[in-house]
Asker: 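Pasting a structure here, questions to come.
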Amino acid sequence: MALALLTLGHNVQASSSFNSQATISFGVNGVANGVTATSAYAPADAAFSYVFSAPGSVGAVVPASENAVAVPSLGFDVAHTFAVNGYASAGSFNSQHIGWYQLDFLNESSQDQQIALTLNYTLQAVTQGDADTDVVLDFSDAISSQLLGNAFFNNGLLNVTSYGPALAIAGDKSFITYTFTLGQGEARSFFADVTINGTLQPAAVPLPAAVWSFLAGLMGILGVKKRKKAPAKLA
């Protein structure tokens, strides 16, 4: 029995997991009559998202079920959460999942309009065991491909870089504000891409020294009992 326990001890592995998400909402000021604004969400297709697992892996890395459904109209000042969870008890996983947000503006009024667009976001990345995860947010102008803002969150560390004219941070919740002029008859689009990466690699956990001492003592006790019983069997 002790030998069996010793053998199992070498194969004990600690499970690992991660839970990461981005909560996004958009706000608009300055939209007058004749100006329409819409926002939408869509999950990335297989060409942009992937999961790699090692042979013999036990576990899974999957987006939340609602992340697989496109939302053609998010509405403004309405939060949407893009989340990915993963766990593993053996082997290893490397994963990446992407969610796309798009905002479209059209000015059919008789004059130019100045619009203030605000991207509100909350990023979270939590791990347990031998795991690593991060959430990356890129906010860009579709016409010029200019990166207006970027946020990065890794296992509880928030790192924000602003490329736009205004950026503000308030606690764990942050927002990016971009003001632009929408000319008469002009259409304009913006993108917010969320990328969630996850790495899971459970490691073997050695038994504590006290356990090894206990097992050694147990083996000794079993040996003593066996020797004490031997004369009785001979008699």
Side-chain angles (χ1 to χ4, degrees), residues 1-24 41 43-69 79-101 121-139 149-161 169 171-174 192-219:
M1 180 182 69
L3 290 175
L5 288 173
L6 290 174
T7 302
L8 290 173
H10 285 292
N11 297 324
V12 172
Q13 291 204 327
S15 61
S16 60
S17 63
F18 74 89
N19 186 331
S20 299
Q21 64 181 41
T23 300
I24 304 292
Y41 160 80
D45 56 35
F48 291 90
S49 295
Y50 67 83
V51 175
F52 292 147
S53 61
S57 295
V58 179
V61 181
V62 295
S65 58
E66 61 269 21
N67 295 342
V69 179
H80 180 272
T81 298
F82 174 67
V84 178
N85 304 316
Y87 76 90
S89 57
S92 62
F93 288 90
N94 290 298
S95 66
Q96 182 179 84
H97 293 278
I98 303 172
W100 290 321
Y101 296 86
Y121 63 90
T122 303
L123 309 183
Q124 297 179 348
V126 180
T127 62
Q128 181 177 6
D130 191 0
D132 185 71
T133 181
D134 55 58
V135 184
V136 181
L137 169 64
D138 291 320
F139 180 46
N150 169 267
F152 172 81
F153 198 103
N154 174 264
N155 294 14
L157 175 63
L158 179 62
N159 233 329
V160 178
T161 304
I169 304 173
D172 292 333
K173 294 186 176 181
S174 305
D193 299 336
V194 176
T195 302
I196 297 180
N197 300 302
T199 299
L200 296 169
Q201 191 168 7
V205 179
L207 290 176
V211 175
W212 295 114
S213 299
F214 169 77
L215 292 176
L218 179 61
M219 293 176 66

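Just the heavy atoms: all of them, side chains too, but no hydrogens, waters or symmetry mates, feed the values below.
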Asker: Can you tell me how far CG of Leu137 sits from CZ of Phe153, rounded to the nearest 0.5 angstrom?
Answerer: 13.0 Å

Asker: Do the non-hydrogen side-chain atoms of Asn85 and Tyr87 ever get within less than 4.5 Å of each other?
Answerer: no

Asker: Got Phe18 and Val61 here, is their nearest side-chain heavy-atom distance under 4.5 Å?
Answerer: yes

Asker: For the residue pair Asn150 and Val136, establish whether any side-chain heavy-atom pair is separated by less than 4.5 Å.
Answerer: yes

Asker: If only atom types and distance count, is the side chain of Asn154 paired as donor or acceptor with the main-chain N or O of Val135 below 3.5 Å?
Answerer: no

Asker: Hey, could you give me the CD1/CD distance between Ile196 and Gln21, rounded to the nearest 0.5 Å?
Answerer: 7.5 Å

Asker: So, do Ser16 and Pro202 sit near enough that their side-chain heavy atoms are less than 4.5 Å apart?
Answerer: yes

Asker: Return the set of residues passing side-chain contact (heavy atoms from CB on, under 4.5 Å) with Tyr41 (not counting sequence neighbours), or none when no residue passes.
Answerer: Pro43, Asn67, Val71, Leu74, His80, Phe82, Tyr101

Asker: Looking only at atom types and distance, does a side-chain atom of Ser57 sit under 3.5 Å from a main-chain N or O of Ser92, one as donor and one as acceptor?
Answerer: yes

Asker: So do Val84 and Thr133 actually touch side chain to side chain, heavy atoms under 4.5 Å?
Answerer: no

Asker: Verify the neighbour count for atom CD of Glu66: are there more than 12 heavy atoms of other residues, nucleotides or ligands below 6.0 Å?
Answerer: yes

Asker: For residues 93-100, dump all side-chain donor-acceptor pairs below 3.5 Å to protein atoms at least two apart in sequence or in another chain.
Answerer:
unit_1, atom_1, unit_2, atom_2, d
Asn94, OD1, Thr199, OG1, 3.2
Ser95, OG, Gly198, O, 3.4
Gln96, NE2, Asn197, OD1, 2.9

Asker: When rounded to the nearest 0.5 angstrom, what distance separates CG in Asp134 from OG1 in Thr127?
Answerer: 11.5 Å

Asker: Which atom pair, heavy atoms only, marks the closest approach of Val194 to Ala22?
Answerer: CG1-CB, 3.7 Å

Asker: Rounded to the nearest 0.5 Å, what separation is found between the OG atom of Ser15 and the CG atom of Asp130?
Answerer: 11.0 Å

